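Worth saying up front: this structure is predicted, and the values here are computed from it rather than measured. Here is the naming used below: chain letters follow the sequence lines, and residue numbers restart at 1 for every chain.
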2 protein chains.
Amino acid sequence: MRWDELEEEPCSMARTIGVIGDRWTLLILRECFLRTRRFEGFQSALGITRHLLAERLKKLVRQGVLRRIPYQESPKRHEYILTQKGLDLYPIMMAIVHWGDTHMVDERGRPLLHQHRKCGKNFDPVMICSECGEPLSAKEVHTHPGPGARSTPAINAPEKPKAPEKPKAKARRSAA
Amino acid sequence: MRWDELEEEPCSMARTIGVIGDRWTLLILRECFLRTRRFEGFQSALGITRHLLAERLKKLVRQGVLRRIPYQESPKRHEYILTQKGLDLYPIMMAIVHWGDTHMVDERGRPLLHQHRKCGKNFDPVMICSECGEPLSAKEVHTHPGPGARSTPAINAPEKPKAPEKPKAKARRSAA
DNA sequence: ACCCTACAGTTCTAAAAACGAACTGTCAAA
DNA sequence: TTTGACAGTTCGTTTTTAGAACTGTAGGGT
């Protein structure tokens with residue numbers, strides 16, 4: 001399965017992974033939320049090779065996650081700014097940070113705390129149901145095909161035979 | 001920056017990326033939430049090479065995201081089950097799916113819908129502040145160093161000089 | 001007993017991606 | 001005129017991944 005195949009699968013998760021599912025892209029996006037905007041800024045913050053950085057930035061711009069905006073004319077220079085599509089990645093970033101805070105910290109505690117400006121307190125992000133407001137967990141969610149479905153690959157898909165589970169070997173699920 | 005270096009950085013995001021920050025791992029985890037448990041199940045669902053699959057499963061077990069449990073003795077066979085640490089990845093998965101639903105669907109609409117068993121409705125996941133219950137967005141969050149901080153790499157870190165931004169070239173941020 | 005299949009890997013070679021370091025080009029300031 | 005900031009590009013080397021075949025245990029059928 002190649003990278004560009006991923007983005008055509010009928011699974012929102014696969015498609016998203018096609019955009020942000022690699023280490024450097026995720027780290028570049030972290031820097032974006034940290035307000036890094038320029039090539040040298042990303043490069044020195046991350047230690048990524050200039051070659052890869054250029055490539056990843058181009059890809060993110062192509063995908064509409066970043067916008068490339070000129071900030072001077074003399075030698076033409078550009079900044080990379082998060083678009084709304086990019087800003088919408090925030091819940092993913094926060095969910096990733098929160099998992100790390102919960103499961104990957106050492107004795108010293110979490111590297112940083114998040115304060116909500118509105119209420120002034122340090123908080124954790126909590127994911128809730130948009131309809132009833134209750135916190136979500138995997139077991140409470142039932143997934144079923146939507147209008148864009150072809151087969152049914154996604155989190156918590158409906159019943160899947162448990163015991164049999166014997167695909168004819170080599171047969172790949174038509175669209176996973 | 002090597003993979004195992006990532007996991008030692010004082011940044012919960014970098015550490016988490018060290019665990020789940022690659023395409024195949026994320027896809028394998030999708031399958032786990034889909035209730036796939038066995039080697040052949042993952043392989044045929046994803047089309048991943050057997051070599052890589054074996055390696056990724058080992059890594060996830062080592063990191064405590066999956067547990068390897070025998071399900072028969074005859075020829076020894078094992079299943080891979082999400083631990084609590086693994087189940088806790090659910091908000092990340094849902095955030096990823098939701099972003100895809102919002103920004104990556106084609107004319108046909110989203111591949112699938114999520115129904116909350118408690119309230120019976122199709123929902124979207126919403127991320128809120130654990131303290132005041134208000135929805136979160138990047139701009140409303142201020143981040144500051146916690147007990148485990150060394151430098152300050154993370155989403156929305158406190159002020160960073162905007163104009164100067166001139167690291168001595170080649171100097172990598174002590175720990176990004 | 002012999003062959004076929006299911007299952008869970010391991011091994012091997014070729015192809016693709018990432019690394020590292022140097023190089024290009026524009027402009028400003030010293 | 002030389003140096004340095006900045007934003008890349010180029011190129012040779014090393015690491016990963018892909019793809020396909022092979023290993024080994026065991027059950028079932030004939």
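We find that CD1 of B:I48 is positioned 13 Å from C1' of D:dT16, with the value rounded to whole Å. Spacing between atom CH2 of B:W24 and atom C1' of D:dT17 amounts to 10 Å, rounded to whole angstrom units. Nucleotide C:dG9 holds its P atom 14 Å from the CG atom of B:L52, rounded to whole Å. Following rounding to the nearest Å, A:E79 (CD) and D:dA7 (P) show an atom-to-atom distance of 8 Å. Put simply, CG on B:L46 is 14 Å from P on D:dG19, counting in whole angstrom units. In this entry the distance linking CZ of B:R23 with P of C:dA17 reads 8 Å, nearest Å. If you take CG of B:L57 and C1' of C:dT10, they are 14 Å apart, rounded to a whole angstrom. Computed from coordinates, the A:L53 CG to D:dG8 P distance equals 8 Å when rounded to whole Å.
Taking for each of A:E55 and B:E55 the nucleotide of DNA chain C with the nearest heavy atom, the 5'-most of the two is the partner of B:E55.
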Compile the donor-acceptor pairs under 3.5 Å between side chains in residues 91-99 of chain A and protein atoms, sequence neighbours left out, one pair per line.
residue, atom, partner, partner atom, Å
A:W99, NE1, B:K85, O, 3.0

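If you check the side chains of A:N122 and A:H114, you find no donor sitting under 3.5 Å from an acceptor.
A continuous path of Ile, Leu, Val, Met, Phe, Trp and Tyr side chains, each step under 4.5 Å between heavy atoms, connects A:L52 with B:I17, placing both in one hydrophobic cluster.
Rounded to 10 degrees, the angle separating the terminal helix axes of the helix from C:dA1-D:dT30 to C:dA30-D:dT1, each built from five base pairs, is 10°.
The stretch residues 61-77 of chain A touches DNA chain D through A:R68, A:Y71, A:R77, each having a heavy atom under 4.0 angstrom from the strand.
Panel note: side chain B:T36, backbone B:C32; no donor-acceptor pair is recorded below 3.5 Å.
When each of D:dA18, C:dA8, C:dA18 is scored by its nearest atom to the side-chain atoms of B:E40, the top-ranked nucleotide is C:dA8.
The aromatic rings of A:F33 and A:Y90 sit tilted relative to each other, their planes meeting at an angle between 30° and 60°.
Here the closest heavy-atom approach between residue B:P111 and residue B:D101 is recorded as CD-OD1, 4.0 Å. Here the closest heavy-atom approach between residue A:R108 and residue B:P147 is recorded as O-CB, 3.1 Å. Taking each heavy atom of B:P135 and B:E140 in turn, the nearest pair found is O-OE1, 3.4 Å.
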Could I get a table of every N or O pair under 3.5 Å where one atom is in the protein and the other is in nucleotides 13-16 of chain C?
none

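A:H78 comes within 4.0 angstrom of the backbone, heavy atoms only, and of no base.
Remark: B:Q72 CD to B:R77 CZ distance equals 6.0 Å, nearest 0.5 Å.
Taking the salt bridge (Lys or Arg N to Asp or Glu O under 4.0 Å) definition, one finds that B:R15 meets it with A:D106, sequence neighbours left out. Listed by chain and number, the residues in a salt bridge (Lys or Arg N to Asp or Glu O under 4.0 Å) with A:R68 amount to none (sequence neighbours excluded).
For B:R50 against C:dA8, a side-chain-to-base donor-acceptor contact under 3.5 Å is present.
Residue A:K58 places at least one side-chain N or O under 4.0 Å from the OP1 or OP2 atom of D:dT9.
Salt bridge B:D124/B:R110: present, at least one basic N to carboxylate O contact under 4.0 Å.
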